[in-house]
2 protein chains.
Amino acid sequence: MDAEQAAKTKLKEIGMRITPQRVLILKNIIAMNGHLTAEEIHRELPSFITLATVYNNLKYFAELNLINELSFGSSCSKYELADTSHYHVICESCQQIADFNYPLLNEVEYAAAQVAHFKVHRHTLEFYGLCQECKKKK
Amino acid sequence: MDAEQAAKTKLKEIGMRITPQRVLILKNIIAMNGHLTAEEIHRELPSFITLATVYNNLKYFAELNLINELSFGSSCSKYELADTSHYHVICESCQQIADFNYPLLNEVEYAAAQVAHFKVHRHTLEFYGLCQECKKKK
DNA sequence: TTTGTTGCAAATCATTTGCAAGTTC
DNA sequence: GAACTTGCAAATGATTTGCAACAAA
């Protein structure tokens, strides 16, 4: 299935109206497969799509758990598809984000829920440091 | 040692000039011992201290690892003293943050550093869900 | 007395919103 | 046709900055 079909399918699954704007935004997130800012996504889209529309839809998508909003580090949020489980390694110098695949810490999540008396449904784990290039520069 | 002395000592340790503003800001963070926004800290201070001064100093303190900046969840950052190691449990409904004491995941940090080819010096772990009260309301 | 810090006001920048016109179901 | 989306432009709100006066070392 290509990115366009995948985008439409996902929109249908979560019960959102299928507009050309949404299909294009989501298709790009799927195709680019990274950690993108609203600006970066907008830049790839045909110019009839407003940045405001991008922001509004990213917000909806995130609320419906279609994408994750990553708000650590730099001043603006980054977005990624929510279909794989992984953690993040972030360079404090150049802000790049690398994915880190590792078994989910479900026992820790369970312990946190017990101790804090929360109903926990997800967790994130971020590592901060210097990437290889920035390491060399210092 | 009281909060005021502790604040002065910490400032000296990291080699910052000791101004009344800094002592008061840091003293309040120590005394209030929570997860505070710049606004909340500012509100507790005598009125001759500007919000801009609070922001600027929080930024310095965070860069020098005296405090942690927590930028997840809500629109504005929260700050906490950086002297204890713990993780966070966040309520997605009311935004409250609870601390969760748990042994640090050093082996995972090591694995992440190896895999990503980063020099990692710290990590954070956040659990998202609903606190007891918000759980009831739903 | 040199260098860093503050207050003030204005600027910035990411993100959100109101509303009328256009679309989807 | 009813309910939802969009574009546009303006608003918002957190955070930062320039600069002259002031304070710490």
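Below, chains carry the letters A, B, ... as their sequence lines are ordered, and counting in each starts from 1. Owing to the predicted nature of the structure, the values given are computational and were not obtained by experimental measurement.
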Considering only heavy atoms and no angle criterion, is a donor-acceptor pair shorter than 3.5 Å present between the side chain of Arg17(B) and the base of dT3(C)? yes
For the pair made of NZ in Lys59(B) and P in dT5(C), what is the distance, rounded to whole Å? 13 Å
For the residue pair Phe72(A) and Tyr128(A), does the interplanar ring angle fall in the parallel (under 30°), tilted (30 to 60°) or perpendicular (over 60°) class? perpendicular
Looking only at side-chain N and O atoms, does Thr19(A) come under 4.0 Å of OP1 or OP2 in dT6(D)? yes
Any side-chain N or O of Tyr55(A) under 4.0 Å from OP1/OP2 of dT15(C)? yes
Within this structure, what is the CE-to-P distance between Met16(A) and dT23(C), rounded to whole angstrom? 19 Å
Examine dT15(C): is either OP1 or OP2 under 4.0 Å from a nitrogen or oxygen in the side chain of Ser77(A)? Give yes or no. yes
Under 4.0 Å: is that the gap between some side-chain N or O of Lys12(A) and OP1 or OP2 of dC25(C)? no
Taking atom types as modelled, is there a side-chain donor on His123(A) or Asn106(A) under 3.5 Å from an acceptor on the other? no
Distance-only, no hydrogens or angles: does the Glu44(B) side chain make a donor-acceptor pair with backbone N or O of Ile41(B) under 3.5 Å? no
Rounded to whole angstroms, how far apart are CZ on Arg22(A) and P on dC4(D)? 11 Å
Closest approach to the side chain of Cys76(B), judged atom by atom: which nucleotide of dT15(D), dT15(C), dA25(D) is it? dT15(D)
In whole angstroms, the gap separating P of dT15(D) from CG of Leu36(B) amounts to 13 Å
Identified side chain to side chain contact (heavy atoms under 4.5 Å, CB included) counterpart of Arg22(A) within the set Ile18(A), Ile25(A), Leu26(A), Thr19(A): Thr19(A)
Between Ser75(B) and dA14(D), does any side-chain N or O lie under 4.0 Å from OP1 or OP2? no
Please report the distance, rounded to the nearest Å, between CG in Leu24(B) and P in dG7(C). 11 Å
Closest nucleotide among dT16(D), dA9(D), dG7(C) to the Ala52(A) side chain: dA9(D)
What is the distance, to the nearest angstrom, from the CD atom on Glu39(A) to the P atom on dT16(C)? 14 Å
Would you say Glu80(A) and His86(A) are linked by a side-chain donor-acceptor pair, where the criterion is simply a distance under 3.5 Å? yes
Taking the nucleotide of DNA chain D with the closest heavy atom to each, which residue, Ile49(A) or Tyr79(B), is nearer the 5' end? Ile49(A)
Pick base, sugar-phosphate or nothing for Asn56(A), based on heavy-atom distances below 4.0 Å to the nucleic acid. base
I need the CG-P distance between Asn57(B) and dT16(D), as an integer number of Å. 12 Å
Using whole Å, what does the distance between atom P of nucleotide dT5(D) and atom CZ of Phe48(A) come to? 16 Å
Using a heavy-atom cut-off of under 4.0 Å over every strand shown, decide if Thr37(B) touches base, sugar-phosphate, or nothing. nothing
Please determine, for the side chain of Gln21(A), which listed nucleotide (dC25(C), dT5(D), dG7(D)) has the closest atom? dG7(D)
